Structures are given as C-alpha cells and as structure tokens.
Amino acid sequence: MQWTLVIPLKALARAKSRLADTADDGMRPGLALAFAQDTVAAALACAAVRDVSVVTDDARAGRELAALGARVVPDEPAGGLNAALAHAAALVRAARPAGAVAALNADLPALRPYELARVLDAAAEFPRAFLPDAAGVGTTLLAAGPHQELRPAFGTGSRVRHRASGAVELGQDGVDSVRQDVDTGADLRAALALGVGPRTAAATAGLLIPGQ
C-alpha cells in the first residue's frame with residue numbers, strides 16, 4: 001500500500017516554545033524548520049510513501065519544504081491542528097478517493113525511512129491505526145486506510161483519544177525514530193542520541209542542551 005502523508009507545521013515564529021530552556025527566541029524558528037525538513041526528507045525517501053502534503057501558512061517553511069518535493073497546502077480552516085489535518089486529508093481524498101492517508105508529526109528529526117515503512121505496513125492491516133510517541137502520552141502517526149476517515153484527535157493526551165476513537169494502537173519495537181518527537185530539551189537530547197538528519201545536526205551544532 002502506498003500512502004500520502006499529511007504533515008502539519010505551525011508558523012515558525014510560534015513553534016517549539018517548550019524548547020525555551022535550550023534555544024532562545026531567535027533560534028527556535030530555525031530549529032523547527034530543520035526538524036520539519038529532516039522529517040519531510042526522510043518521509044519522501046520511504047518506499048511506502050507516495051507523496052507528502054505539508055499544511056502550513058508559513059511562507060518560509062512552505063518554500064523550503066516544497067523545494068524538497070512536498071506539496072504545500074494552506075491552512076484554510078485556521079481552526080487548529082486537527083482542523084488543518086482534516087482539511088488536508090479531504091483535499092488528498094478529493095484527488096484520490098481510495099488512497100491511504102496518514103498524519104505525521106513535523107518534529108521527527110531522527111526519522112528513518114525504513115522504520116516509517118515498517119509502521120505504515122503495520123497500519124495497512126487495519127482501517128485506522130496510530131503510533132504513540134516516545135513519552136507514551138501523545139501520537140506521532142495516525143493512519144487511515146482506503147475509504148476511511150482520518151478523524152484526527154491530536155494534542156495533549158492524544159494517545160487515549162485515538163484509542164477511544166477506535167484506532168488500533170501499534171505496539172512495534174524498533175521504530176524509535178518514528179516515535180521520538182521533539183518538544184523539550186530532553187526530547188532533543190534523545191533524538192540526537194538516535195542520530196538526527198543533516199539539517200537538525202547543523203542547526204544544533206554548538207547548542208548547549210541541558211543534561212547532555
């Protein structure tokens with residue numbers, strides 16, 4: 001099964017506020033963009049991925065991610081993360097009604113294409129499925145097979161909400177790079193230990209990360 005990934009990205013100026021203990025206001029937009037670039041590049045290199053749509057109204061991010069090969073979709077609903085994802089999924093389905101769609105976080109800088117393929121292949125066995133984040137509280141990927149609604153419920157505590165919505169929780173081992181999103185300095189430290197992509201490596205060079 002080939003998947004279209006939908007990746008949401010908020011305005012870079014407002015992104016990654018919880019990294020304030022690690023990076024100042026001037027650095028965080030660049031970090032958020034680097035995370036997204038490495039995420040999108042890895043996703044496009046995944047054998048199970050047909051294409052990637054990024055939902056953002058940030059002009060700089062849109063240019064940079066389009067240059068990598070992503071389709072950029074404006075956040076026309078402007079109603080928050082889940083509304084943006086539902087909007088993008090509807091656009092994908094309008095063009096390809098029987099396509100498989102998955103929402104993926106934009107802050108997975110250690111993402112490995114082969115690990116993402118393993119997760120998507122497992123998700124293909126179910127109408128809807130999701131992968132919890134490394135903290136075991138949130139969600140990094142939500143997948144909907146052909147003719148299934150995505151029904152995103154991202155945000156704090158989304159693991160419980162996605163499970164309650166009927167999506168199957170994927171419990172695979174060996175896919176740490178797909179689970180390790182980055183919100184805090186500790187998350188960034190964990191991602192760096194896994195091995196991040198080249199843009200994140202460059203953006204974090206010389207950065208003093210608490211506990212590292």
Side-chain angles (χ1 to χ4, degrees), residues 1-9 34-55 65 68-71 85 88-89 92-93 96 98-154 158-183 187-201:
M1 186 180 293
Q2 290 284 295
W3 295 80
T4 292
L5 300 189
V6 177
I7 299 179
L9 181 63
F35 297 164
Q37 287 173 304
D38 285 334
T39 300
V40 168
L44 287 168
C46 175
V49 173
R50 182 195 301 269
D51 49 31
V52 172
S53 292
V54 175
V55 189
L65 298 173
L68 294 176
R71 175 191 182 195
L85 287 170
V92 170
R93 286 282 170 73
R96 196 177 297 123
V101 179
L104 182 71
N105 287 10
D107 57 352
L108 299 169
L111 186 63
R112 304 283 190 270
Y114 65 90
E115 291 186 11
L116 177 58
R118 287 189 59 211
V119 173
L120 292 172
D121 287 347
E125 300 297 318
F126 307 100
R128 291 173 64 245
F130 74 97
L131 186 73
D133 63 11
V137 176
T139 304
T140 57
L141 181 142
L142 173 68
H147 306 292
Q148 300 293 320
E149 288 186 43
L150 188 61
R151 296 168 58 195
F154 285 86
S158 64
R159 179 183 188 179
V160 171
R161 289 194 299 277
H162 283 137
R163 188 190 298 138
S165 76
V168 174
E169 181 172 325
L170 301 173
Q172 293 165 291
D173 294 324
V175 292
D176 292 348
S177 76
V178 196
R179 300 184 65 205
Q180 188 57 67
D181 55 354
V182 176
D183 288 316
D187 295 334
L188 181 54
R189 193 164 61 246
L192 289 169
L194 288 174
V196 295
R199 297 164 186 84
T200 301

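Not measured: the values here are computed from a predicted model.
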Report summary line: Leu150 and Val101 have their tightest heavy-atom pair at CD1-O, 4.0 Å
Report task. Classify the ring geometry between His162 and Phe154 as parallel (under 30°), tilted (30 to 60°) or perpendicular (over 60°). Result -> perpendicular
Report summary line: Rounding to 0.5 Å, atoms CD (Gln180) and CG (Leu188) come to a distance of 9.0 Å
Query - The single option from Glu149, Arg151, Arg128 passing side-chain hydrogen bond (donor to acceptor under 3.5 Å, both in side chains) against Ser165 - result: Arg128
Requested in this report: Kindly give the heavy-atom pair with the smallest separation between Thr39 and Asn105, and that separation in Å.
Outcome: CG2-O, 3.4 Å
Query raised in the report: How close do Leu131 and Arg179 get, heavy atom to heavy atom, and via which atoms?
Result: CD2-CG, 3.5 Å
**Report entry** Shortest non-hydrogen separation from Pro109 to Asp38 and the atoms involved
**Finding:** O-CB, 3.9 Å
Report summary line: Heavy-atom closest pair (Leu104 atom, Ala43 atom, distance to 0.1 Å) is CD2-CB, 4.5 Å
Report summary line: Distance col, row Thr139:OG1 vs Arg159:CZ, nearest 0.5 angstrom, shows 8.5 Å
**Report entry** Backbone of Ala191 reached by a side-chain donor or acceptor of Asp187 within 3.5 Å
**Finding:** no
**Report entry** Neighbour count above 12 (heavy atom, 6.0 Å) for Gln2 CD
**Finding:** yes
Query raised in the report: Between the main-chain N or O of Ala122 and the side-chain N or O of Gln172, is there a donor-acceptor pair closer than 3.5 Å?
Result: no
Report task. Would you mind telling me which of Thr140, Leu141, Val119 makes a side-chain contact (heavy atoms from CB on, under 4.5 Å) with Val175? Result -> Val119
Query raised in the report: Is a side-chain donor or acceptor of Arg161 paired with a backbone partner of Ala153 at a separation under 3.5 angstrom?
Result: yes
Query raised in the report: Quick one: CZ on Phe130 to CG on Leu142, what's the gap to the nearest 0.5 Å?
Result: 8.5 Å
Report task. Indicate yes or no: at least one non-hydrogen side-chain atom of Arg71 is less than 4.5 angstrom from one of Val52. Result -> no
Report summary line: Nearest heavy-atom approach of Leu68 to Ala41 is CD1-N, 4.4 Å
Query raised in the report: Say you draw a straight line from CG of Asp183 to CZ of Phe35; how long is it, rounded to the nearest 0.5 Å?
Result: 9.5 Å
Query - Sole residue of Arg93, Met1, Arg96 in side-chain contact (heavy atoms from CB on, under 4.5 Å) with Pro146 - result: Met1
